[in-house]
Amino acid sequence: MDPIRNPYAPGAGSPPPELAGRSKIREEVSVRLQRLRLGRPAKSMMLVGLRGVGKTVLLDQMRKDAEAEGITTVRIEAPENRSLPALLAPAIRLTLLHISKKEAAKDFAIRGLRALAGFASKLKVSFADIEVGLDYEPAPGLADNGDLEPDLAALLQQVGLAARAAGTAVVLFIDELQYVEEKQMAALISALHRCSQEQLPLTVVGAGLPQLRGRMGDAKSYAERLFDFPEIGPLAPPDARAAIVVPAKEEGVDVNEDAVSLITEKTHGYPYFLQEWGKHAWDTATESPINRRDVENASDEAVAALDESFFRVRFDRLTPTEKKYLRTMAELGPGPHRSGDIAEAMQRTSSSLGPTRAGLISKGMIWSPTHGDTAFTVPLFDQFMKRIMPGDAWKELS
Ligand SMILES: Nc1ncnc2c1ncn2[C@@H]1O[C@H](COP(=O)(O)OP(=O)(O)O)[C@@H](O)[C@H]1O
Ligand SMILES: [Mg+2]
């Protein structure tokens, strides 16, 4: 089929041609954000799930949904090496400048910008990466303690007051939230708690790896009461089918049912894999309908493309010991595995492997579903590890 018209979109954060199976959660978030704007209680949501399940594109869609309802939104991604205050400061500045255009909210927004000035100049001492334009002088005593937790609470409170005066809600959409360092996470949660106690229309909708839930609970034990943590997972068969069939149909191309079932089987319904298989099946097929044989012929290429894009980037960042740890896990099966079993298979003690395991968790490669268990954060990673480290040579790594 014409590669120029290929509708599928494999790639981190690439919007899919059909966002399948997510309408219920979109609706739920939309209702909550509109309640928030009215000052009604509404728990916020933290989307959690493995890599490649579609958290980023869902978060982006929710943001568009919110904008369409007249809600003021900000999009932030927490990278591994920047502080949360540094990410928040410019985003909050833009939000306040935007709100200040509304006459009824102008004074509140200016007070917010003064809070931001105090916040940024005092916290720059501890967070050197804060860089933000300052439009107003600080107001003494406003968000200028120099201590993140009270200052962030005071700042977000001002933003909430400005939002309320403007008749809007401010929603920060934060991706990769699991990378936020614990103290900064604690400050964020406590600031949101303050806003919710005062029924201010400001919240965060977040997304992150499955460890996010535990990390937020460790930062503040009451996090579970403030947020829900819906799990974003693989698509159920009818939704996986829609993800493949609908985009083709829009291009006037049919996909046979037995081709769809083979794709569903090979991908286990994981969105990233569905896009990759859809793309290669399309390129392989010579005419409509795309049939099972096309899918069979496309599978090697789909796997190779996944290895190069989705899996490989993660693998290349690992130390030899980390590779050996993951390869040992793969040898034991898809997981989760008891950490003790992994250590035993490596003929090491669990405690001597502690730093390796911690390194893998902070790189976002593995997580701990329950105490003492270890699981991959990337679906089907065990199979990839066996492909990239075949044979027995890996056993000699140290
Ligand atoms: N609901 C969905 N239906 C079809 N494809 C999807 C869906 N969600 C995500 N995708 C596709 O999956 C891939 C990964 O999405 P992404 O949002 O980057 O995942 P994550 O942030 O969870 O790692 C992208 O190619 C995207 O187009
Ligand atoms: Mg993502």
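Keep in mind that this is a model prediction, so the values were computed, not measured. As the structure lists them, so they are numbered: ligands from 1, and atoms in each ligand from 1.
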CD/Glu344: more than 12 non-hydrogen atoms of other groups inside 6.0 Å: no

Taking 2.8 Å as the upper limit, name the protein N, O or S atoms near the Mg ion (ligand 2). Thr56 OG1

Residue that, paired with Arg22, satisfies side-chain contact (heavy atoms from CB on, under 4.5 Å) out of Val57, Asp239, Leu58: Leu58

Is the shortest side-chain heavy-atom distance between Trp367 and Pro336 below 4.5 Å? no

Ile232 to Val53 - nearest heavy-atom pair and separation: O-CG2, 3.5 Å

For Phe229 and Phe227, take the angle between the two ring planes, folded into 0 to 90°, and tell me which bin it lands in: parallel under 30, tilted 30 to 60, perpendicular over 60. perpendicular

Students should find this: residues with any non-hydrogen atom under 4.0 Å from ligand 1. What is the answer? Ala9, Pro10, Gly11, Ala12, Gly13, Ser14, Pro15, Pro16, Glu18, Leu19, Ala20, Arg22, Leu50, Arg51, Gly52, Val53, Gly54, Lys55, Thr56, Val57, Leu235, Ala243, Pro271, Tyr272, Gln275

Verify whether one side chain among Thr56 and Asp175 offers a donor that lies under 3.5 Å from an acceptor in the other. yes

Would you say the side chain of Asp144 lies within less than 4.5 Å of the side chain of Phe119, judging by non-hydrogen atoms? no

Step by step, would you call Phe273 with Phe310 a ring pair (Phe, Tyr, Trp, His ring centres under 6.0 Å)? CA-CA 9 Å; Phe273 304 166; Phe310 184 69; 5.5 Å; yes

Indicate the atoms forming the closest heavy-atom contact of Asp135 with Gly133, along with that distance. OD1-O, 3.7 Å

